[in-house]
**Q** 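Take this structure, written in structure tokens, and hold onto it; I'll ask about it next.
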Amino acid sequence: SRGATNLTTGMEKESTQESLVEELRRGLQRVMATRRILEIIQSSRDDDGAVFEAILSQAVDLCAASQASLQLANAARTHFEISSYWGFDETAFRVGGSAPLNSGRPIPEVIRTGITINIADLGSTDFYRQEDPVIKHVVDVEGVRSWLIVPLMHGPRAIGAIALSRKEVRPFSDDEI
């Protein structure tokens, strides 16, 4: 009985140590990603595209995503513009294209509300079932299944969003958000 208790305690300690090591590893990855982005910002002060691409590529790496996009709201907050893509073979919109913020779709909703949306399976949403043409394209052509959309905040207001996606149904964890 006592040997079993010692074995259990030893296994719990090992599990805790593995958890701590994983947490430290992920923290180091975030620090390194931030460093790379800051280096790009410093060397590309007049090139927003290079900065946006660095942000998206680091986000894809950190979250094990396959695709990413960055959208920014216009000054009047009536539309958002696609500022950058990463990892897409084909997209519903081109860089520079815009869409209204009042459509109710996930990306404009995140920009309007400033609240993160984590969709486990975009193909199982009402948007897809009701054949919303943009969402149908995102799922059927772009191959997006799991979708994480995080607001870009400036003070209390979202000024844009970063959308990360996976081509398989594998929701983003709290750790990845």
**Q** Taking all atoms of both residues into account, what is the closest heavy-atom pair of H154 and I159, and its distance?
**A**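 Smallest interatomic distance, heavy atoms only, reads CB-CG2, 3.6 Å.
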**Q** With heavy-atom distances below 4.5 Å as the criterion, would you say the side chains of D132 and R105 are in contact?
**A**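 Yes, at least one pair of side-chain atoms sits under 4.5 Å.
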**Q** So, do P108 and F80 sit near enough that their side-chain heavy atoms are less than 4.5 Å apart?
**A**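 Contact flag for P108/F80 side chains = yes.
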**Q** Whether R166 engages the ring of F172 as a cation-pi pair (distance to the six-membered ring centre under 6.0 angstrom, angle to the ring normal within 45°) should be assessed.
**A**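 Pair R166/F172 counts as cation-pi.
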**Q** Could you measure the distance from the CD atom of E109 to the CD1 atom of I107? Nearest 0.5 Å is fine.
**A**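 The CD atom of E109 sits 12.0 Å away from the CD1 atom of I107.
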**Q** Is there a side-chain contact between L152 and L72, using heavy atoms and a 4.5 Å cut-off?
**A**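 They are in contact (side-chain heavy atoms under 4.5 Å apart), so the answer is yes.
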**Q** Kindly give the heavy-atom pair with the smallest separation between I117 and I119, and that separation in Å.
**A**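 That closest heavy-atom pairing would be CG2-CG1, 3.5 Å.
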**Q** Between N74 and T78, do the side chains contain a donor N or O and an acceptor N or O under 3.5 Å apart?
**A**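 Yes, side-chain donor-acceptor contact under 3.5 Å.
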**Q** Would you name the heavy atoms of P151 and V110 that are closest together and state the gap between them?
**A**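 Scanning both residues, the minimum pair turns out to be N-CG1, 3.5 Å.
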**Q** Within the structure provided, determine whether I149 and T116 are in side-chain contact (heavy-atom separation under 4.5 Å).
**A**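 No, too far: nothing below the 4.5 Å cut-off.
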**Q** Give me the atom names and distance for the closest heavy-atom approach of G104 to F127.
**A**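 What the structure gives for the nearest pair is O-CZ, 3.1 Å.
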**Q** Show your reasoning for whether side chain to side chain contact (heavy atoms under 4.5 Å, CB included) applies to L101 and R77.
**A** CA-CA 7 Å; L101 277 178; R77 296 189 55 75; 4.3 Å; yes
**Q** If you look at every heavy atom in V139 and R145, which pair is closest and at what distance?
**A**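 Smallest interatomic distance, heavy atoms only, reads CG1-CD, 4.3 Å.
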**Q** Under a 3.5 Å cutoff, is there a donor and acceptor pairing between the side chains of Q67 and S165?
**A**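 A donor-acceptor contact under 3.5 Å links the two side chains.
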**Q** Rounded at 0.5 Å granularity, tell me how far CD1 in I82 sits from OG in S84.
**A**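 So the CD1 of I82 and the OG of S84 are separated by 10.0 Å.
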**Q** So does R170 get a backbone contact from the side chain of S146, meaning a donor-acceptor N/O pair under 3.5 Å?
**A**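 Yes, S146 side chain to R170 backbone: donor-acceptor pair under 3.5 Å.
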**Q** Can you find a side-chain donor-acceptor pair between D121 and Y128 that sits under 3.5 Å?
**A**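 On atom types as modelled, these side chains do not qualify, holding no pair under 3.5 Å.
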**Q** To the nearest 0.5 Å, tell me how far Y85 OH sits from L70 CG.
**A**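 Here the interatomic distance stands at 11.0 Å.
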**Q** Are Q71 and S69 linked by a side-chain donor-acceptor pair shorter than 3.5 Å?
**A**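 Looking only at side-chain atoms, S69 and Q71 do form a donor-acceptor pair, the distance falling under 3.5 Å.
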**Q** Can you establish whether the number of heavy atoms outside R157 located under 6.0 Å from its atom CZ is more than 12?
**A**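 Atom CZ in R157 is not crowded, with 12 or fewer foreign heavy atoms closer than 6.0 Å.
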**Q** Indicate the atoms forming the closest heavy-atom contact of S83 with V95, along with that distance.
**A**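 Reported closest heavy-atom pair: O-CG1, 3.5 Å.
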**Q** Do the side chains of K136 and E142 get close enough for a salt bridge, i.e. N-O under 4.0 angstrom?
**A**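 The answer is no: the pair does not qualify as a salt bridge.
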**Q** Can you tell if the side chain of L164 reaches within under 4.5 Å of the side chain of W147, non-hydrogen atoms only?
**A**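 No; the side chains remain at least 4.5 Å from each other.
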**Q** May I ask you to test the E176-L148 pair for a side-chain heavy-atom distance under 4.5 Å?
**A**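 No - every pair of side-chain heavy atoms lies 4.5 Å or more apart.
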